[in-house]
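Just below is one structure, and these are the notes that go with it.
In what follows, chains carry the letters A, B, and so on, assigned in the order in which the sequence lines appear, proteins first and then strands, with residues in each chain numbered from 1. Below, all heavy atoms of this structure are taken into account, side chains as well, without hydrogens, waters or symmetry copies.
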Number of protein chains: 2
Amino acid sequence: MRSDFDLGRFELVSGSNLPSGHLAYETHGELNAEGSNCILLPSYYTGTSSSYEPWIGPDRLFDPAEWFIVAVNLFGNGVSTSPSRAHPDIAGAGFPDVDIADNVIAQHRLLSHLGVKRIRLIAGWSIGALQAYEWAARYPDLVNAILPIAGAARCSPHNFVFLEGVKSTLLADPAFQHGHYSAPPVQGLRAFGTVYAGWAYSQEFFRQGTYRELGYASVDSVIRGWATDHESEDANDLLAMLGTWQRADVGRYHPGGFEGAMAGITAQAIVMPGSTDLYFPQADSEQEVELLQHGKLRPLVSDLGHVAGRPGIRAAETVQISAAVQELLGS
Amino acid sequence: MRSDFDLGRFELVSGSNLPSGHLAYETHGELNAEGSNCILLPSYYTGTSSSYEPWIGPDRLFDPAEWFIVAVNLFGNGVSTSPSRAHPDIAGAGFPDVDIADNVIAQHRLLSHLGVKRIRLIAGWSIGALQAYEWAARYPDLVNAILPIAGAARCSPHNFVFLEGVKSTLLADPAFQHGHYSAPPVQGLRAFGTVYAGWAYSQEFFRQGTYRELGYASVDSVIRGWATDHESEDANDLLAMLGTWQRADVGRYHPGGFEGAMAGITAQAIVMPGSTDLYFPQADSEQEVELLQHGKLRPLVSDLGHVAGRPGIRAAETVQISAAVQELLGS
C-alpha cells in the first residue's frame, strides 16, 4: 500500500523549493531492531514504486520476510510531487527544476523518519540507477551496496541529445502551449512515444523479431503501441522527469567533481549495463566502474536494448540480476 | 555543371507515374570509346550530386582524366523531380511514392542515353549505398563493382522505426497541414533536426568531444545546428525521400525475395559499414555480405557514427575508402 511522506516546504538544490512537497512510497516487510535490513528501490522514468513488484516476494529477488523494502517514487512521476500533482504555485508549467540530488535528499529524510540506520542495498533500473549512484556518493556511510542496472552515474552527452530530441516533439505541438495546455497535446505526446520507440530497444531486438516475445505482433504495432501509450501521460510530468535526468551527474554538487564523487563511493557496487543499450551504453559503464573503489562490471547480456532488466521483463534477465543481488547481500 | 535528363511521363513501380519526370545529374571526365569507364555516384538524404565533389579530381578518389563520373540526384531531393519541384498534378502533398528501384530505373535510362555500356563502379554513401545494391541486383550484367558505404541492401526494421520517429515530428506540427502548408512548419522541421541529431553520430562522438572536430563548440551547438539546418528544408521533400528509404529493399520486386536478389548480384562488392553507425549498424552488413557471391566486409573504423565516410568529412576515412576503391578498380 502506498503512503505519502510529507516534506513540508522542501528546499531544492537549485535554490527553488516545493511549497508542500511529498514523497510517495511503499514498504514491504519489517525493519529489524538494528534498522539495518533496508533495501531501497528508487523508481524510473514513467514507472512508479509499484513497478518493482516483480522483484518483491518469497522466491523473488527480495523477500519481505527478510528485508525491509522501500520503493520510492521519483518527483515528477505523477505520484510524488509532480507538475500534475503539486501546490498551485508550482503546478503545471511552473514546476521548478528538481534534480536527482533532491530526490535522494528527500528519500534520506524519509528513511530517517522510518528508522533506517543503514541501507543494505540500493537497486535501481534506469533512472533508478542514477539515484543509486547519487545515494552512494552523497551518503557513503549509510550505503552498503548498490546495483545500478541499465543506468549510469550521470547523463552522458549523447543521452542528453537523445532526450532533447524526444523533448522537441512536445515543443513542435502548439497544443502544448509551453506547458499551459488545458487539453493534452496529443499529437506531441504521440510523437514523443514514437521517437522513444526507436531508442528503447536495440537494432537486434527488431532484426530478430524479439518484439513478438513482448506481445507486439509487428514492427508497426511497436510504433503504434508506443504512440498510444504516451497519449495518456502528462506532458509536464514527462518534461519534469526528463530535465531531472538530463541534469543527472553525481559530481554536479561535489567539490571533487565527477571523479571525486565516484572515488568517494565506499559501497560495494555491481554495475550492470544492458549489453545492447543505446543510451546508457555499456562503454559508459566500463569507464565509470574504473572510478569506483569496489566496483565490478557485470553486463546484462540481452537483445532488449535499454529495456534489458526492467522489472518483470524476462526471466532469463532476472537470473543475472539475482546472482548479483545474492553476491551483494551475501557479503 | 548540372544537367536535367528529361524522363517524360515516367512510370513508377508502384503503378503511379511522374507526369514529366527529370533526373538532375553532373558528369566529370569523358566516356571512352568502349563506353566502359563509368563511375556512378548516387546521392544521399539531404545531399545532392554536388555532395560527391570531395571525391572527384586529380589525386582524389576518382580522377576525371581516367573516369567518366556521373553523379545523380535522388528523386525528392529538391533537384531531381521532387514535391518541391514537380508538375502541378503531383507537387507538394500529392507526390507519389517513389522507390529506390524507380531511381535506379531512371538512372539506367540516363546512362544508356549517355552511351555507357558498363559501369566500372557504383560507390554510394548512405542512401547512395541502397541504390548501389539495387543497381547490382537489377542489372547484374552492367555493374562490375559496388562500394556501399554506411548503408545496406534494405531498410532494417529498426531503421524503419527510427525514421518513423523522425517523421512524427512533422505530423506533430499542425502547420505541416498534412503536406498542404503555405508557410514552412518551422517547429516541426526544428524537431525533425533535433531528433535526427541523436541518431547521426555515435555515443563515442559525444563522449570524446569529437563534435569539436566538426566545428561545433559544444553539445548544445550540435543540437541547435541540426535544428536550424532543417528549418530551410522542404518538409514534403524530406518525407518523400524518407518514404523511399523506408521502403528500400533489393528483394522488394525480385521473385527470389531478399536472399534471391542478393544471390543474383555478380558484382565485386566491398561492403563498408561505419563501425559505430546507429541505424545502418555493422551487424546488418555482416549478415548481408554473407549473401553476396563476391562480397568482402571492410568496416570503416570511425567514431562518427552514421556520418563516417560522408564525402569530405575526414581525411583518415577517405584513406580507408580509397584503399577499397583501388582494390575494386584494379581488379
Do [X] and [Y] have side-chain heavy atoms sitting under 4.5 Å apart?
| X | Y | answer |
| --- | --- | --- |
| B:F160 | A:I223 | yes |
| A:D284 | B:Q203 | no |
| B:W199 | A:V161 | no |
| A:R207 | B:P281 | yes |

Practice item. Over all heavy atoms of both residues, which pair between B:P174 and A:P174 is shortest? Give the atoms and the distance, please. Key: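 Closest approach of B:P174 to A:P174: CD-CD, 3.0 Å.
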Review point. Minimum heavy-atom separation for B:V195 to A:S168, with atom names?
Key: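 Closest pair (atom of B:V195, atom of A:S168, distance): CG2-OG, 3.8 Å.
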Check your understanding: Going from OG1 on B:T194 to NZ on A:K167, what distance comes out if it is rounded to the nearest 0.5 angstrom?
Key ->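 Atom-to-atom, B:T194:OG1 and A:K167:NZ are 10.0 Å apart.
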Review point. From A:D173 CG over to B:Q187 CD, what is the distance, rounded to the nearest 0.5 angstrom?
Key: 11.0 Å
Review point. Once the angle between the rings of B:H158 and A:F206 is folded into 0 to 90°, is it parallel (under 30°), tilted (30 to 60°) or perpendicular (over 60°)?
Key: tilted
Review point. Which answer fits A:S156, side chain, backbone, both or neither, if we ask what part of it has an atom under 4.5 Å from a heavy atom of chain B?
Key: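 Answer is neither: A:S156 stays 4.5 Å or more from chain B.
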Exercise for review: Using non-hydrogen atoms and a 4.5 Å limit, figure out which bit of A:L278 sits close to chain B: side chain, backbone, both or neither.
Suggested key: both
Check your understanding: Which region of B:Q287, side chain (C-beta onward) or backbone (N, CA, C, O), has a non-hydrogen atom less than 4.5 Å from a non-hydrogen atom of chain A, or is it both or neither?
Key -> side chain
